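Letters A, B, ... are given to chains in the order of the sequence lines, protein chains preceding strands, and every chain is numbered from 1. Since this is a predicted model, take the numbers as computed values, not measurements.
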Amino acid sequence: MSQDTLFDKVWDLHKVSSLPGGSDQIFIGLHLIHEVTSPQAFGALKDKNLKVKFPDRTVATVDHIVPTDNQSRPFKDNLAEQMIETLENNCLEHKIRFFNIGSGNQGIVHVVAPELGLTQPGMTIACGDSHTSTHGAFGSIAFGIGTSQVRDVLATQTIAMNKLKVRQIWCENLLSNGVYAKDLVLHIINKLGVKAGVGFAYEFAGPAINALSMEERMTICNMSIEGGARCGYINPDEETFNYIKNKLYSPKNEHWEKALKWWKSLKSDENSIYDDVIKIDASRIEPTVTWGITPGQSIGINQHIPLLDELSPNDKLVAEEAYEYMSFKPGQSIKDIPVEVCFIGSCTNGRISDLRIAAKVLKDKKVSKNVKAFVVPGSEKVANEAKQEGLDQIFKDSGFQWREPGCSMCLAMNSDKLIGNQVSASSSNRNFKGRQGSPSGRTLLMSPAMVAAAAINGKVSDVREYIS
Amino acid sequence: MDYEFTPPVGKISEITGKCISLIGNDIDTDRIIPARFLKCVNFDSLGKSVFADDRKTLRGVHPFDLKENQDSSILIVNSNFGCGSSREHAPQALIRWGIRAIIGESFAEIFYSNCIAIGIPCFTLPKKSIQNIQKYNHNKSLFLEIDLKNSSAKSKDLNFNLEIKESTKKMFLSGEWDATATLLENSSLVDRKLKELPYIKF
Ligand code: SF4
């Protein structure tokens, strides 16, 4: 059993009681909601005649269903309109802070909360969305919950949950030039497998992690869930504190000093005990691309798609399924595979630093004429910042469409969808069959820089050839 | 009929009400609530749509439309009831129509656990007994008193034992089926916890 890790400290601090069934009742410090998983939870409150216990501990925004081409109301899609209206009404009725379209603070829930300073070290954070793990980048314990638990958090500000085990993933050395957080996390998921994290919280640590910016750390923690871990976190440091300072909802003045002292005390101790420790050499990682139908099926840009014989018995079945679905040949090189759609966005890689890197690759270049490319900023703040820096113009000049903020083609609940078996180079997090809106669509996950390079070339390319 | 809905809360130890029989094996959740009703932001309107397509076909003579069945709350079904998709909308539609307990030969697993989660106890009985009850109910109205603790049911003329898993029974008797209620009991501990935590108000 783990001891004295940040996870243990935060868990113990937030434990309200031990429940008869064996789980713990855990206090949730920040509850985030969006339009897709909250309506039935509010419905259940109404059914049970319950109120929201602490309305100011829940924050809402709208992201999954919003159109990113034309956001004028009512939305063209009736159901999408009904869903946003329901959220508006629920927030109004229960006095919940809601960052709606046009507020300047709307966006993907996991992009919005950190940039507003809502996400802070030492907190427990829950949201009816599996990528809530993102917030762990700040040294909070953050996890996705189901609709019935959304109801429980609204009604009681707590959930019933079993304590997780803690695995430390120690990343030695530094990432090399042209290799990003996305490559590191894809590599980790490939090495450990997509189910390895079940029952664990992942602590990402080591020199390669410490060297990352906050936005890169969010990319890492975001994809903990693709590795099976409901929660991933990084111990807070100066980088963390500097990021939070002066954000809209960050503690101010004497509160700041108090908070800082608390946050610093939360780090995992030098000699804390982990249930498991894994070591990764970050310096050996290449730009990484998925070739299959799970986020674990990835390879370095200079590698070939694995032959069946090269895989462990456990991986063979899904590999065969992947060969067939993707219609790639085992042994084929991933480089130069033609792509038809390029998507930059999502809660994994739709932040300002992602847009900056992609724009740098795209500057003075043109998107291949066979490619439909678009960029969907993660939030209104990201969009505004990008415009101030002139990034939107660089994207447009290169041939990218510049869209409004939302989840968009990460899961295709709006009108942005792949058509037929199109191949998409995507900066998002899931390459499941049909994930990007077409039942036969094919998704290759990669870093935003790699998506930009693929867009220019019309095929999977090594971004290191484009950056000095 | 107006579908005024008050959901069950806390401990459930007895259910009394009129029976409604629905004859047939393998009645799936698509029949209980057709897929087009899933595009919704709450479960409120599901009560009136329960068995929508079956009822349309039967034009007024479906058990859920018969006048004498209108305020029934105990559903009597045959085998493998609730098979098919895992939609929670199915028991949600039933409970909103007025069903508070189901007695059947057997239930599909996910449907069964969805029922527990929203407070509908499901009991089983051998085929023969179910048929007898359904036959009896065909001729006259059957008003049952179900006692969960003793797993028994009685009416004016009938008396019989019901089968229910011991663990499930405990969940209903203790109220633990309702996670929210269990958590709500510690409300004052939660208030204290928030005071203790060095959180800053946003
Ligand atoms: S961007 Fe994608 S993964 Fe992230 S919250 Fe939206 S749909 Fe989910």
Side-chain angles (χ1 to χ4, degrees), chain A residues 13-17 19-21 25 27 29-30 35 38-40 42-50 53-54 56-57 59 78-79 82-83 85-87 90 97 116-118 120 122-123 147-149 151-160 248-252 255-256 258-259 261-263, chain B residues 3-10 36-47 86-89 91-93 95-96 113-114 116-120 167-168 170-171 173-202:
Chain A
L13 206 58
H14 289 80
K15 182 169 154 178
V16 174
S17 73
L19 297 171
Q25 181 175 8
F27 182 87
L30 173 64
E35 74 284 12
S38 68
Q40 270 94 351
F42 281 106
L45 282 197
K46 204 172 117 207
D47 287 351
K48 289 174 185 276
N49 216 348
L50 292 168
K53 186 166 170 71
F54 297 125
D56 57 345
R57 296 248 145 234
V59 174
N78 281 338
L79 186 67
Q82 198 196 347
M83 290 175 103
E85 272 175 22
T86 307
L87 185 64
N90 282 331
R97 221 172 311 216
L116 292 177
L118 289 164
Q120 295 170 16
M123 274 183 172
T147 290
S148 55
Q149 289 177 312
R151 171 201 65 197
D152 292 346
V153 178
L154 289 171
T156 72
Q157 204 61 39
T158 63
I159 58 168
L248 189 57
Y249 292 105
S250 63
K252 306 278 155 36
H255 292 307
W256 174 257
K258 209 178 113 195
K261 203 169 145 219
W262 180 47
W263 295 344
Chain B
Y3 297 93
E4 192 62 45
F5 177 62
T6 341
V9 277
R36 64 178 180 282
F37 296 106
L38 308 192
K39 273 195 167 186
C40 61
V41 286
N42 55 47
F43 299 124
D44 288 355
S45 55
L46 293 181
S86 66
R87 60 190 67 160
E88 189 187 306
H89 299 68
Q92 289 285 2
I95 201 170
R96 280 176 165 71
S113 49
N114 281 339
I116 298 178
I118 67 170
I120 306 178
S167 56
T168 312
K170 253 197 213 140
M171 284 178 83
L173 290 173
S174 68
E176 248 189 277
W177 66 272
D178 180 358
T180 318
T182 310
L183 297 173
L184 274 172
E185 275 171 26
N186 293 331
S187 194
S188 58
L189 292 181
V190 176
D191 294 339
R192 196 180 330 146
K193 181 53 85 182
L194 178 59
K195 280 205 195 92
E196 251 171 56
L197 283 164
Y199 274 24
I200 316 285
K201 214 170 148 64
F202 301 128

Task: Chi angles and distances behind the side chain to side chain contact (heavy atoms under 4.5 Å, CB included) call for B:L189, A:T158 - done: CA-CA 11 Å; B:L189 292 181; A:T158 63; over 6 Å; no
Open item on the list: Heavy-atom pairs under 4.5 Å with chain A: which of B:L194, B:T182, B:D178 has the most?
Closed with: B:L194
- [ ] List in chain and number order the residues that pass side-chain hydrogen bond (donor to acceptor under 3.5 Å, both in side chains) with A:S38, two or more places apart in sequence or in another chain; answer none if no residue qualifies.
- [x] none
TODO: Just jot down the ring pair (Phe, Tyr, Trp, His ring centres under 6.0 Å) partners of A:F42, sequence neighbours excluded, or say none.
DONE: A:H94
Open item on the list: Evaluate A:D56 against B:F202 for side chain to side chain contact (heavy atoms under 4.5 Å, CB included), listing each step before the verdict.
Closed with: CA-CA 8 Å; A:D56 57 345; B:F202 301 128; 5.9 Å; no
- [ ] With the side chain counted from C-beta on, respond yes when A:K252 and B:I200 share a heavy-atom pair under 4.5 Å apart, and no when they do not.
- [x] no
- [ ] Quick one: do A:H255 and B:K201 satisfy side chain to side chain contact (heavy atoms under 4.5 Å, CB included)? Show the steps, please.
- [x] CA-CA 10 Å; A:H255 292 307; B:K201 214 170 148 64; over 6 Å; no
Open item on the list: Are the side chains of A:K46 and B:D44 in contact, using a 4.5 Å heavy-atom criterion?
Closed with: yes
TODO: Give me the ring orientation class for B:Y199 and A:F27: parallel if the planes are under 30° apart, tilted from 30 to 60°, perpendicular past 60°.
DONE: perpendicular
Open item on the list: Less than 4.5 Å to any heavy atom of chain B: does that hold for the side chain of A:Q120, its backbone, both, or neither?
Closed with: side chain
- [ ] Could you look at B:L197 and say if it's the side chain, the backbone, both or neither that has a heavy atom under 4.5 Å from chain A?
- [x] side chain
- [ ] Give a yes or no on whether the backbone of B:V41 and the side-chain of A:Q82 come within a donor-acceptor separation of less than 3.5 Å.
- [x] no
